[in-house]
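If you read the sequence from its start, that first residue is 1, and numbering goes on from there.
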Amino acid sequence: MVSGTAPFTPSPATAPSSVPRAALVLTNVLYEKKGSIAYVTINRPKVLNALNTPTWTDLHAAFEDAKADASVRGVILTGAGERAFIAGADISELAHVDAYDAEESSRFGQGVLDLIENLGKPVIAAINGFALGGGCETAMACTIRIAAEHARFGQPEVKLGLLPGGGGTQRLPRLVGKGRALQLILTGETISAHEAYRIGLVNEVVAGAGLIDRAETILKQIMANAPIAVKFSLEAANRGMETSQSEGLVLEASFFGICAATEDKKEGTAAFLEKRAPQFRGR
């Protein structure tokens, strides 16, 4: 357990880095940074942005870079084109895997999605179409999900003789409840963006033309707050979901103590009392 009285040391996610970062060379993912936002776009529109091994590898590299780069305060994840966020696994690859390869593939994908979920920075999924199978699982690993009106969601793996292998059996019940999750997983049905919103799978539904703008607006609202407080809020919620409430409350109090030792806490409280906007520095 982290002590609330220990001296505060900036984490790798918030500590400034003086080492220039080499540009990533990615095949199936577009990765660019604009100001404090990193944009990650799965770029396989001809196959509805289906996930294969090179795409998983590209996603891992992009999010590792976003995690390590102190200038990045948040990420927007989306798919190329207007039809799909991620339509699922690449069936042409999946059809030829054996039991060992399938388990290894599942574990690797789960690791990528754990990286996204525990990035220490907010990740907004801008869901611009089909989010099926691994696409739905990828969206669920993100901090917040914004869906275009034409988006569709589902876990259709049972129709292929499989089950969700990227965390769907774990994250979906936590988001929408066990009963509704099992109905989606066992039937393999797809649902509309508005139904996904109704059951709590997505945070908002917007017109497709305003999808990225809305994601940017939410991300900028988050980034206006103290970076360390945002980081530990994410960690407290994520880790607390895996423990009892009493254990989660201990963790919360510990993180509260850590944040109280930061310069940002002094700045935030001073700015409130002085009736001015705070100038957070991530320290």
Validation row: [X], [Y] side chains within 4.5 angstrom (heavy atoms):
| X | Y | answer |
| --- | --- | --- |
| Asp58 | Asn43 | no |
| Ile258 | Phe255 | yes |
| Phe63 | Val75 | yes |
| Leu24 | Val29 | no |
| Leu251 | Thr243 | no |
| Leu77 | Leu59 | yes |
| Glu189 | Gln183 | yes |
| Leu175 | Arg145 | yes |

Within a reach of under 6.0 Å around [atom1] of [X], are more than 12 heavy atoms found that belong to other residues, nucleotides or ligands?
| X | atom1 | value |
| --- | --- | --- |
| Phe108 | CZ | yes |
| Glu82 | CD | no |
| Gln245 | CD | no |

Shortest non-hydrogen separation from [X] to [Y] and the atoms involved:
| X | Y | value |
| --- | --- | --- |
| Pro227 | Phe280 | CD-CB, 4.0 Å |
| Pro122 | Leu219 | CG-CD1, 3.6 Å |
| Cys136 | Gly154 | CB-O, 3.5 Å |
| Val72 | Ala38 | CG1-CB, 3.9 Å |
| Ala229 | Cys259 | CA-SG, 3.9 Å |
| Val202 | Ala147 | CG1-CB, 4.2 Å |

Just by distance, with hydrogens left out, do Asp69 and Ser71 show a side-chain donor and acceptor under 3.5 Å apart?
-> yes

Verify side chain to side chain contact (heavy atoms under 4.5 Å, CB included) between Leu172 and Leu201, making sure each step is shown before the conclusion.
-> CA-CA 8 Å; Leu172 191 56; Leu201 181 53; 3.9 Å; yes

Hey, any chance [X] and [Y] share a hydrophobic cluster, counting ILVMFWY side chains that come within less than 4.5 Å of each other, even indirectly?
| X | Y | result |
| --- | --- | --- |
| Leu211 | Ile218 | yes |
| Ile116 | Ile37 | no |
| Ile185 | Leu113 | yes |
| Leu48 | Val40 | no |
| Ile86 | Ile76 | no |

Among all residues two or more places apart in sequence or in another chain, which pass the side chain to side chain donor-acceptor pair (under 3.5 Å) test with Glu274?
-> Arg276

Taking the side chain from [X] and the backbone from [Y], do they hold a donor-acceptor pair closer than 3.5 Å?
| X | Y | result |
| --- | --- | --- |
| Asn49 | Ala80 | yes |
| Asn203 | Ile146 | no |
| Thr78 | Ala126 | yes |
| Thr57 | Thr53 | yes |
| Ser106 | Ala102 | no |
| Gln110 | Gly165 | yes |

Would Tyr39 and Leu30 satisfy side chain to side chain contact (heavy atoms under 4.5 Å, CB included), going step by step from the backbone distance to the final call?
-> CA-CA 8 Å; Tyr39 295 79; Leu30 302 177; over 6 Å; no

State the [atom1]-[atom2] distance between [X] and [Y], to the nearest 0.5 angstrom.
| X | Y | atom1 | atom2 | result |
| --- | --- | --- | --- | --- |
| Leu132 | Glu157 | CG | CD | 9.0 Å |
| His150 | Asn128 | NE2 | CG | 6.0 Å |
| Arg171 | Cys142 | CZ | SG | 9.5 Å |
| Leu162 | Gln155 | CG | CD | 12.0 Å |
| Glu117 | Asn238 | CD | CG | 5.0 Å |
| Leu26 | His60 | CG | NE2 | 12.5 Å |

Ion pair Asp65/Lys121, N-O distance below 4.0 Å = no

Lys/Arg N to Asp/Glu carboxylate O, Lys67 vs Glu64, below 4.0 Å | no

Go through Ile42 and Thr138 one step at a time and tell me if the side chain to side chain contact (heavy atoms under 4.5 Å, CB included) criterion holds.
-> CA-CA 11 Å; Ile42 294 94; Thr138 301; 5.7 Å; no

Step-by-step salt bridge (Lys or Arg N to Asp or Glu O under 4.0 Å) determination, Lys266 to Glu263 = CA-CA 5 Å; Lys266 296 178 183 177; Glu263 292 180 16; over 6 Å; no

Tell me, please, which residues at least two apart from Arg152 pass side-chain contact (heavy atoms from CB on, under 4.5 Å).
-> Phe130, Thr190, Ser192

With sequence neighbours excluded, tell me which residues meet side-chain contact (heavy atoms from CB on, under 4.5 Å) with Asp90.
-> Arg44, Ala50, Asn52, Ser92, Glu93

Evaluate the side chain to side chain contact (heavy atoms under 4.5 Å, CB included) criterion for residues Asp213 and Glu216: first the C-alpha distance (whole Å), next the side-chain angles of each, then the deciding distance (0.1 Å), finally the verdict.
-> CA-CA 5 Å; Asp213 285 345; Glu216 289 174 338; 3.7 Å; yes

Are Glu267 and Arg281 close enough, and set up right, to give a salt bridge (Lys or Arg N to Asp or Glu O under 4.0 Å), and what steps lead you there?
-> CA-CA 9 Å; Glu267 167 63 13; Arg281 302 176 64 190; over 6 Å; no

